[in-house]
Peer 1: 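A single structure is presented below for examination.
All ligand and atom numbering here is 1-based and tracks the order in the structure.
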Amino acid sequence: MNYGRFDSAAHEYVVTRPDTPRAWSNYLGSRRYGGIVTNNAGGYSFTRSPAEGRILRHRYNSVPAEQPGRVFYLRDRDSADYWSSAWQPVAKPLDRYRTETRFGPGYADITSDYAGIKTESLYFIPLNQEFEYWRLRVTNTGTKPRRLSVFACAEFTTEWNLLNDLLNLQYTQYIGEAAWRDGFIRASSCSRLPEDKANFANRDQSRWWWMTLVGGDIAGHDCDRDSFLGSYRSYDRPLAVERGTCGNSAGFSDNTCGVIQSDIELAPGETREVLVLLGIGKSEREGRATRRKFGTAAACEKEFTALKAHWHALLETLHVETPDADFDHMTNTWGAYNALVTLEWSRSCSLVYTGEHRDGFGFRDTVQDMLGVVAMVPDIVRERLVLMLSGQDASGGAQPDVRPWLHVPGQMKPTPPGNYRSDDCLWFFNTIPAYVAETGDSAFYDEVVPFADKGKATVLGHLRRALEFNLARTGRNGLPCGLLADWNDCLKLGYKGESVFVAFQVRLGLATYAEIAGAKKLTRERSWALAELKKIDRAITRTCWDGKWFIWAIAEDGTVYGSAKAKEGRIYLNTQCWAILSGYADTNQAKSALASVKKLLASDYGVAMCAPPFAKTPVKVMRAVLFNPGNKENAGIFSHTQSWAVLAEIMAGDGDQAYDYYRSFMPSAQNDQIEKREIEPFAHCQSTHSQFSKKFGMSRVPWLSGTASWAHYTATNHILGLRPETGGLRIDPCIPSTWPGFKARRLFRGREVHVEVRNPNELNRGVSHLLVDGERIEGNLLPLSALNAVTRVIAVIGN
Ligand code: GLC
């Protein structure tokens, strides 16, 4: 069963049934002013930080899930019937109420038909602005004139700090005000305190926001939420809407809101458009200036066109046509967009993430989040890399997260030794070379960046320090310690416990470092890295092979995890994949480890993280035991890791198996059986219930996950095999043997490359030469010297 379809030409997903199994959402705006919008116009808004700058309120995990939101109520003044321009919150019966939501990058556009009235409500935040647009178009599709009232409605927070607003009610129910003044709703928190805009973190200041409506006569307003709703009522039947008139209430303490009523009359066939603008600042200052500049239909349309053009230009970086339309939907639009959304928002805002605890940029997540977007936003990646490098301590370990508004490089307190994670800085070895390969900016390695606490080093120096950090913290088997955690948050091995995953990461780091040093002719650096690599290989060889697969970890007390002898967590996906990704595993080991993964972990919805699930293992070591079996780190299908399985299969040469794994967690592939997945078919998610769960196949925590970046990177650079290198673009696809080929258009170093891959012999990989604008080039590297403004390349697999 499906609830919608992809419209690839428009870069949109069209939700055709509003009663989706869970609320589906999309992202608006940027960190300057951002928001979430659901397929039923639920959601919230904030500025700078979802935890500290919350403007529109959202009650997490409430029933129904998406209320309050940005509501347009419509009421027929003759029949007294009323409904909403999105199906929720009034929820008219679906046999009489027809609706569709178009989600595109940065907007939601909801059309509905009910009782002879068609509405279109469009929600977006214009580029680089601090306000949101709600545009409502109302059309009389009947044959009689209609007299309607429109009520635009938002629930405000009282304090911009999320938790205070929702929980510290003995304080925050006495600080909000909202009132109608000169055509605006003027809302505030602690209005008697001075503003301190330069110091966002200062909670003892007044904050201001505003809302206005243009394009219709104003018939009334409400600024006190409970006057508008009436007691013991909810958003499905507000008293004021039922009655047909707002009470013109002022908001003073308790809960404030913004409701603006406009009465309109429509001749048959006539369309009227009203605009709501809602933003931060004082109504008489920012509000007025914004309305003057943006408060017309033409300005709104212009901003919407600019927003789409902005996103479409980013998505133009790569366009593919493959035999698998689901793959194309992800690669051309949703996978790319998901990776960009994750880059912007890290793990701070969704219907699940609140911003609390996880505001700012979590270190390891953010460094990985860049991998999938380097081609689209290289400049932002460079800036973010510098920010994250400045979050590395002089010790070589990292601050757990970087909050740009609090982060002062060189002056941060070093992370307490017991709080270091073992993997944080090792992710630079994936992302930095990818950035340099995309841009050719090898001078980046020489750029000097401060450490978080003290001192500074070149980027290469930061990389060395990262390796030294792990090399200096090894356990009794000579493997790197897991410290507070490695990639797996649930792994608590004790300070001296050893992580095999990190051993492979360090191995990859050393090999990469040697390569960079080699290219820079730093012979001693190269030799150092190669010598360390030999040492770590010896340690791995001594302890990490279990017979059929690689072990998981060795706890401080010597307990081995991930061994055939164990009862729980006998096999762990990550170490099988990373043994291969790091180049450690020999052919036989790779074969055997991957066969074990397939046999013991793989399922129709992805590969479980480990098996069997934990039930008795002490929680002190393996916190995964907290979770129900088959969930998250306790043998769930952790989406983030899926691409590693795909990459491992690609490196081992099995393109068919790789693609099977890729499709099994690809959201778009589940569009027509979405009742199983339940969440968005166009966004990745954190995890799926595995074969060990009672809810096998159900996915949870959509959008913000390391999955997005890794999946897009894997699809583009390794399945399609369009892989930038400093010297050119490698064309090394590893596709299903059933694909006759594919076409791609890739922007690379400011040029356009058109690639046609042909696969006449039904193989997976193996391009031995290229035809570049008709000329034969041996090997599969399209060299920079062969790049023209537009270059056409034909690559035949198996020739
Ligand atoms: C979550 C965290 C990530 C961690 C992973 C595995 O996705 O955001 O940092 O690596 O869980 O525990």
Side-chain angles (χ1 to χ4, degrees), residues 50 338-339 341-350 352-372 388 391 397-403 415 419-428 430-431 482-493 499-502 504-505 552-553 561-562 569 572-575 577-578 606-610 613-614 619 621-628 630-645 665 679 683-690 699-711:
N338 195 165
V341 162
T342 309
L343 179 80
E344 184 73 14
W345 297 113
S346 191
R347 307 296 177 273
S348 68
C349 56
S350 67
V352 183
Y353 285 120
T354 62
E356 191 55 30
H357 304 305
R358 303 195 69 169
D359 210 359
F361 297 117
F363 203 95
R364 75 158 80 91
D365 289 346
T366 302
V367 179
Q368 292 170 80
D369 288 345
M370 287 182 260
L371 186 60
M388 298 316 286
Q399 305 262 314
D401 56 33
V402 175
R403 299 177 186 215
T415 306
N419 284 0
Y420 281 124
R421 288 132 170 103
S422 48
D423 63 323
D424 280 344
C425 290
L426 296 174
W427 298 105
F428 283 132
N430 299 94
T431 304
L483 307 181
L484 190 67
D486 62 9
W487 170 86
N488 188 334
D489 276 332
C490 291
L491 200 62
K492 309 283 169 191
L493 301 164
S499 162
V500 177
F501 176 76
V502 173
F504 290 132
Q505 270 195 309
W552 179 337
Y561 287 89
Y572 181 51
L573 174 63
N574 290 1
T575 42
C577 302
W578 279 78
V607 185
M609 188 197 265
C610 63
F614 294 98
V619 67
V621 188
M622 188 55 75
R623 291 190 68 72
V625 72
L626 293 169
F627 298 123
N628 290 334
N631 286 209
K632 286 172 61 95
E633 284 96 334
N634 193 10
I637 297 167
F638 213 92
S639 315
H640 192 149
T641 63
Q642 302 302 302
S643 294
W644 300 338
F665 81 99
I679 60 165
H684 284 290
C685 66
Q686 188 205 51
S687 66
T688 296
H689 287 256
S690 76
S699 294
R700 295 292 181 260
V701 195
W703 282 107
L704 305 182
S705 160
T707 316
S709 182
W710 274 101

Peer 1: Looking at side-chain heavy atoms only, is the closest gap between Trp703 and Asn338 below 4.5 Å?
Peer 2: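 Of all side-chain heavy-atom pairs linking Asn338 with Trp703, at least one is under 4.5 Å.
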Peer 1: Among all residues two or more places apart in sequence or in another chain, which pass the salt bridge (Lys or Arg N to Asp or Glu O under 4.0 Å) test with Asp365?
Peer 2: Arg347, Arg358
Peer 1: Taking all heavy atoms of His684 and all of Ala711, pick out the closest pair and write down the distance.
Peer 2: NE2-CB, 3.6 Å
Peer 1: Any idea which protein heavy atom is nearest atom 12 (O) of ligand 1, and the distance to it?
Peer 2: Glu633 OE2, 2.4 Å
Peer 1: What protein heavy atom sits nearest atom 10 (O) of ligand 1, and how far away is it?
Peer 2: Trp487 O, 2.5 Å
Peer 1: I want to know whether Phe665 and Trp710 have ring centres closer than 6.0 Å.
Peer 2: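 They do not qualify: ring centres at least 6.0 Å apart.
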Peer 1: Could you find the nearest protein heavy atom to atom 3 (C) of ligand 1 and give me its residue, atom name and distance?
Peer 2: Asp365 OD1, 3.2 Å
Peer 1: Is there a polar contact between ligand 1 and Arg364, counting only N or O atoms under 3.5 Å apart?
Peer 2: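 N/O-N/O distance below 3.5 Å exists for this pair.
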Peer 1: Do Trp578 and Trp487 make the cut of ring centroids closer than 6.0 angstrom?
Peer 2: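 No, too far apart.
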Peer 1: Could you find the nearest protein heavy atom to atom 11 (O) of ligand 1 and give me its residue, atom name and distance?
Peer 2: Phe638 CZ, 3.3 Å
Peer 1: Only heavy atoms count here, so choose which of Gln686, Arg358, Arg347 is nearest to atom 8 (O) of ligand 1.
Peer 2: Arg358
Peer 1: If the condition is salt bridge (Lys or Arg N to Asp or Glu O under 4.0 Å), which residues does Arg421 pass it with, not counting sequence neighbours?
Peer 2: none
Peer 1: Within the 4.0 Å heavy-atom shell around Asn488, which atoms of ligand 1 are there?
Peer 2: 12 (O)
